[in-house]
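What follows is a set of notes on a single structure, which appears directly below.
As the structure is a prediction and not an experimental result, all values here were calculated from the model. Whatever order the structure lists ligands and atoms in, that order sets their numbers, starting from 1. The basis for the numbers below is simple: all heavy atoms, side chains too, and nothing from hydrogens, waters or symmetry mates.
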Amino acid sequence: MSELNRFITARNWMKSNENFLTTWHAHVGYKLDLFDCFSKAKSVKQAAEECELSLPLLERWIDVGLEVGHLKKGYKGKIKAKKKLVKYASANSSESVGILLREMMELHIPTLMQYPELLKSDERITYLEDKFADVVAETSSFLEKAAVSPILRTVKKEKPESVIDIGCGYGGYLKNIHDKYPKIKLSGIEINKDVAKKAEEKLNGEITVYNQDMVDFIENYTGKVDMVMAHNLLYYFPVKERKNLYQKIAKVLNEKGTVTFITPLTKAKYGQTFTAAFNTFMTAHENLFPLPSLDEMKEDGKSAGFKVIDAKPLIREGGWYLVTMKKK
Ligand SMILES: C[S@@+](CC[C@H](N)C(=O)[O-])C[C@H]1O[C@@H](n2cnc3c(N)ncnc32)[C@H](O)[C@@H]1O
């Protein structure tokens with residue numbers, strides 16, 4: 001009986017790992033633009049020659065693709081990519097989500113794989129900001145779909161005359177506010193040079209993006225604004241420095257000013273599987289930091305004179321929340 005149980009357990013582990021193959025296959029296809037290559041039916045040999053790829057390895061990738069349903073075999077055994085993959089996993093498709101595959105396979109999974117060594121030492125991996133800043137800014141912007149409407153509702157309700165987005169990434173929230181409320185004075189602050197440059201391009205030069213550390217920016221800023229957005233930013237700040245961060249935000253806010261945070265929350269009602277994985281990833285780095293719980297945010301915010309007025313889930317399975325605070 002115990003031998004049978006061992007066999008069943010081993011088999012279950014194997015089976016549960018099958019899903020990984022789907023992501024692996026899509027990632028390889030995205031990296032080498034293989035779905036685009038097979039957007040028209042062609043033989044494996046032809047594709048290997050055209051794209052200068054190893055024939056036996058390409059054959060194996062195709063075997064997997066046929067199994068996981070990314071590819072299909074047609075007339076004379078020619079291979080064609082399914083339309084969905086050409087659309088969503090080709091780098092040059094305007095609807096591509098392939099960058100998310102890159103983030104998972106090149107950033108998250110390799111970090112998790114280092115866990116055994118990390119657990120046995122005090123060492124942490126360094127998050128390579130220059131290498132991944134664009135990837136992270138782009139994947140963060142996928143969240144906008146769920147978050148823009150509530151942010152616009154907040155703007156409608158609070159009627160700010162000026163808004164600063166700290167750690168604005170590609171500036172998607174600023175753009176959405178500008179399109180709907182062109183009179184509001186908007187600015188973005190983005191520490192990464194390439195990301196800040198791309199944000200200005202995306203914003204057609206209509207909104208200023210300061211390529212600066214938001215901490216320095218606020219230190220030298222003498223004005224006040226009515227609203228601050230800090231979306232997907234908290235995990236760049238050590239837990240012990242967060243009270244200070246709230247104080248910095250309070251410094252630039254007018255009385256009764258509003259601040260919106262978007263962040264995955266620990267100890268929340270939704271999305272704790274994802275949050276646990278994300279938090280594991282964060283904690284493995286020396287320059288990324290754990291996700292907050294709502295209680296921690298309340299307490300840190302309170303110390304800087306903020307009151308949480310709303311906390312609603314944006315993407316339940318991801319544990320992503322929009323937390324809105326108001327300066328007393
Ligand atoms: C995860 S992205 C989120 C982008 C955008 N806020 C969003 O939610 O789509 C966080 C951005 O904050 C930037 N950032 C991190 N620390 C910063 C700091 N101290 N000052 C300004 N920007 C910062 C990063 O370079 C990155 O582009």
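Looking at ligand 1, you won't find any N or O of V195 less than 3.5 Å from one of its N or O atoms. Of the N or O atoms in G167, one or more lie within a sub-3.5 Å distance of an N or O in ligand 1. Taking only nitrogen or oxygen atoms, main chain and side chain alike, M214 reaches within less than 3.5 Å of ligand 1. At least one N/O-N/O distance between H231 and ligand 1 falls below 3.5 Å. At least one N or O atom of E190, backbone or side chain, sits closer than 3.5 Å to an N or O atom of ligand 1. For a threshold of 3.5 Å applied to N or O pairs, the pair formed by Y235 and ligand 1 contains no separation below that value.
With salt bridges taken as basic N to acidic carboxylate O contacts below 4.0 Å, one links D63 and R60. The pair E106-K31 counts as a salt bridge, with a side-chain nitrogen and a carboxylate oxygen less than 4.0 angstrom apart. A salt bridge links R6 with E3; the closest basic N to acidic carboxylate O contact falls under 4.0 Å. Comment: D179 engages K175 in a salt bridge, judged by a side-chain N to carboxylate O separation of less than 4.0 angstrom. Ion pair E158/K256 not flagged as a salt bridge, since none of the NZ, NE, NH1 or NH2 atoms sits closer than 4.0 Å to an Asp/Glu carboxylate oxygen. Contact check on K248 versus E219 returns a salt bridge, with a Lys/Arg side-chain nitrogen under 4.0 Å from an Asp/Glu carboxylate oxygen.
The part of C168 lying near ligand 1 is the backbone, judged by heavy-atom distances below 4.0 Å. Under 4.0 Å from ligand 1, the heavy atoms of Y173 that appear belong solely to its side chain. When non-hydrogen atoms are compared, ligand 1 lies under 4.0 Å from neither the backbone nor the side chain of F142. Proximity of L233 to ligand 1, defined as any heavy-atom pair under 4.0 Å, is confined to the side chain (atoms from C-beta onward). Neither the backbone nor the side chain of M229 comes within 4.0 Å of ligand 1, counting heavy atoms alone.
Remark: E123 engages no residue in a side chain to side chain donor-acceptor pair (under 3.5 Å) (not counting sequence neighbours).
Residue G169 has at least one heavy-atom neighbour below 4.0 Å for each of these atoms of ligand 1: 4 (C), 27 (O). For ligand 1 and F237, the ligand atoms under 4.0 Å from any heavy atom of the residue are 19 (N). Counting the atoms of ligand 1 from 1 in the order shown, those under 4.0 Å from a heavy atom of Q212 are 20 (N), 21 (C).
Shortest contact from atom 23 (C) of ligand 1 to any protein heavy atom: I191 CG2, 3.5 Å. Among protein heavy atoms, the minimum distance from atom 19 (N) of ligand 1 is reached at D213 OD1, 3.0 Å. Atom 2 (S) of ligand 1 has as its closest protein heavy atom S140 OG, 3.6 Å. For atom 8 (O) of ligand 1, the nearest protein heavy atom (residue, atom name, distance) is N232 ND2, 3.0 Å.
Identified under the ring pair (Phe, Tyr, Trp, His ring centres under 6.0 Å) test for residues 82-108, with sequence neighbours left out: H108-F278, H108-F281.
For the pair R316 and Y270, the cation-pi test (distance below 6.0 Å, angle within 45°) is passed. Remark: K202 is positioned above the aromatic ring of Y170, its terminal NZ or CZ atom under 6.0 angstrom from the ring centre and at most 45 degrees off the axis.
Classification of the W320-F274 ring pair by plane angle, with boundaries at 30° and 60°, yields tilted.
Considering only heavy atoms from C-beta on, T23 comes within 4.5 Å of L101 through its side chain.
At least one heavy atom of V136 sits less than 4.0 Å from an atom of ligand 1. Residue contacts with ligand 1 leave out F217, since none of its heavy atoms falls under 4.0 Å from the ligand.
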